[in-house]
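Throughout, residue positions are numbered sequentially from 1 according to the sequence presented. Since we're looking at a predicted model, the values are computed, not measured.
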Amino acid sequence: MSQSANASKKPNLVSVTTINEDGSRFMLHPADVRGRFTLARRIFGLALILVYVALPWIRIGGFPALFFDLVERRFHVFGLTFVAQDLWLGFFLVSGVGFALFYITSLFGRLWCGWACPYTVFLDHIFRRIERWIDGDATQRRKLDRAPWTGGKLVRRIFKHALFLFAAATIAHIFLSYFVSLPRLYGYMRESPLAHAKAFGVVLFLTAALYFCFAWFREQFCVILCPYGRIQSALTDDNTAIIGYDAKRGEPRGKARDANVGDCVACNRCVQVCPTGIDIRNGLQLECIGCAACIDACDDIMAKLKRPKGLIRYDSMIGLAGGRTRWIRPRIVFYTIMMAVGLTVLSFSLTKVHDVNVTVTRMRGMPYFITDEGVRNQLVVRAITKRNVPTSFRFEILDAPDGVATSGLEEKLVVSGQGEEEHPFIIAVPKSSY
């Protein structure tokens, strides 16, 4: 019998629990748990899923609330429309999200991973719920893994993985709708895949990747691929609120009826519910995603033993040692100042974004022509409008010297809603003025 089929495996600080000594995979089956944090995470996770599904349906200003129209090179974000020329603002988006993540981590540890990371949200609130519904609780799932292949086991496996594929495909299609719009996506789905091979390839790749990750790879993504856990030691300090075990209160471990031991009764319930298979009593570890399942599990045991809750809790290393947590400290002050500076620059930059954009460039070829009368320049005016209605443009040369003549600017330029137009024109300057 392979080690992955065993009922349990003791976590340690030498190697990750999900890898056996021979390098093979140890499949985790975290037990279900109930409690205030689990309930809050489930409500928050379902709300995030609802937002993910609903955003392409909600229309603001005639467009989906979040729509990255790659075909027209326009990006609609909650009523604001940006064109390719506005992509420099993406610097603020990327750097702002990264900086906010660092800021939150320095205060509350890996709160993002356990509560808001899309990977965790989909895995915990969709795929693991499907698995528990079909295969049962952790004990039943391990028993099913060890059981020989029968007709009943085969039917369960086919049904479960069919639902996994359906969920992965649904998530992939919703993701694509952020880039091609729902009506266009619905049209694609009614036609041959080869008619829209690129979009079909994207959905196929995403479906396969999501199915692989959520059906088999699971917590390995967080432990092996995601770099966030590896940099948390550089982002946190002893005053960061993390999930920790109160060793002063819990040790030494022993049976509940023994008056000479601490509050920890070595039930290992905190290990059984951990989605990455660690023992939080060994201290903060790379694999911990801050999901708080161990807190709810331990609080439940403490309540049954009529002992105070909080043996495992959100607290800083200093707080767990009996000290007082300092929330305001040099790195937090520095991060706050930098965030304020970033928001100020972003606010100023947004004032430079307008609903129309006009550029004038020289035509390709010769930059100018010299004639007996003077010098002639050939240029192109390009007008882009983010408005939903046609926009008229009229051009004229201001403060032009005497004798300057134009051709092509006499009539106004009309650009359709959310459209762009290019229009050539000529400026001729007499030799005397030149």
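- For NZ of Lys153, the number of neighbouring non-hydrogen atoms (other residues, nucleotides, ligands) closer than 6.0 Å is greater than 12.
- For the pair Arg110 (side chain) and Gln232 (backbone), a donor-acceptor distance under 3.5 Å is absent.
- Every residue meeting the salt bridge (charged side-chain N to carboxylate O under 4.0 Å, His left out) condition with Arg313, not counting sequence neighbours, appears here in chain and number order: Asp246, Asp315.
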Step-by-step salt bridge (Lys or Arg N to Asp or Glu O under 4.0 Å) determination, Arg141 to Asp145: CA-CA 6 Å; Arg141 295 197 300 274; Asp145 281 354; over 6 Å; no
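- Screening residues 340-350 for side chain to side chain donor-acceptor pair (under 3.5 Å) gives no qualifying pairs among residues at least two apart or on separate chains.
- Side-chain N or O atoms of Asp237 include one that pairs as donor or acceptor with a backbone N or O of Thr240 at under 3.5 Å.
- By the 4.0 Å N-to-carboxylate-O rule, Glu131 lies too far from Arg129 to be salt-bridged with it.
- Surrounding CZ of Phe212 are more than 12 heavy atoms belonging to other residues, nucleotides or ligands, all under 6.0 Å away.
- Other residues, nucleotides and ligands contribute only 12 or fewer heavy atoms inside 6.0 Å of the CH2 atom of Trp133.
- Atom CD1 of Ile328 has 12 or fewer heavy atoms from other residues, nucleotides or ligands within 6.0 Å.
- The distance from the CD1 atom of Ile337 to the CD1 atom of Ile332 is 12.0 Å, given to the nearest 0.5 Å.
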Tell me which donor-acceptor pairs under 3.5 Å the side chains of residues 56-71 have, and how far apart each pair is, sequence neighbours excluded?
{"unit_1": "Arg59", "atom_1": "NH2", "unit_2": "Gly62", "atom_2": "O", "d": "2.6"}
{"unit_1": "Asp69", "atom_1": "OD1", "unit_2": "Val71", "atom_2": "N", "d": "3.3"}
{"unit_1": "Asp69", "atom_1": "OD1", "unit_2": "Glu72", "atom_2": "N", "d": "3.3"}

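- With ring centers used as reference points, Phe99 lies under 6.0 Å from Tyr335.
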Could you give the side-chain donor-acceptor pairs of residues 278-295 under 3.5 Å, partners two or more places apart or in another chain?
{"unit_1": "Asp279", "atom_1": "OD1", "unit_2": "Arg281", "atom_2": "N", "d": "3.0"}
{"unit_1": "Asp279", "atom_1": "OD1", "unit_2": "Arg281", "atom_2": "NE", "d": "2.9"}
{"unit_1": "Asp279", "atom_1": "OD2", "unit_2": "Arg281", "atom_2": "NE", "d": "3.4"}
{"unit_1": "Asp279", "atom_1": "OD2", "unit_2": "Arg281", "atom_2": "NH2", "d": "3.0"}
{"unit_1": "Arg281", "atom_1": "NH2", "unit_2": "Asn268", "atom_2": "OD1", "d": "2.5"}
{"unit_1": "Gln285", "atom_1": "NE2", "unit_2": "Asp279", "atom_2": "O", "d": "2.9"}
{"unit_1": "Gln285", "atom_1": "NE2", "unit_2": "Gly283", "atom_2": "O", "d": "2.7"}

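- For the pair Arg74 (side chain) and Gly419 (backbone), a donor-acceptor distance under 3.5 Å is present.
- Ion pairing between Asp296 and Arg41 fails under the 4.0 Å rule for side-chain N and carboxylate O.
- Applying the side chain to side chain donor-acceptor pair (under 3.5 Å) test to every pair with at least one member in residues 178-187, sequence neighbours left out, gives no pairs at all.
- Between the side chain of Lys9 and the backbone N or O of Thr17 there is at least one donor-acceptor pair closer than 3.5 Å.
- Residue Met339 qualifies as enclosed at atom CE: its count of foreign heavy atoms under 6.0 Å is above 12.
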Solution key, residues 191-206 side-chain donor-acceptor pairs under 3.5 Å, sequence neighbours excluded:
{"unit_1": "Glu191", "atom_1": "OE1", "unit_2": "His196", "atom_2": "NE2", "d": "2.9"}
{"unit_1": "Ser192", "atom_1": "OG", "unit_2": "Leu194", "atom_2": "N", "d": "3.3"}

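- The environment of Tyr119 atom OH is dense: over 12 non-hydrogen atoms of other residues, nucleotides or ligands sit within 6.0 angstrom.
- For Lys143, the NZ atom is loosely surrounded, since the number of other residues' heavy atoms within 6.0 Å does not exceed 12.
- Remark: the Thr18 side chain and the Gln220 side chain contain an N/O donor-acceptor pair separated by less than 3.5 Å.
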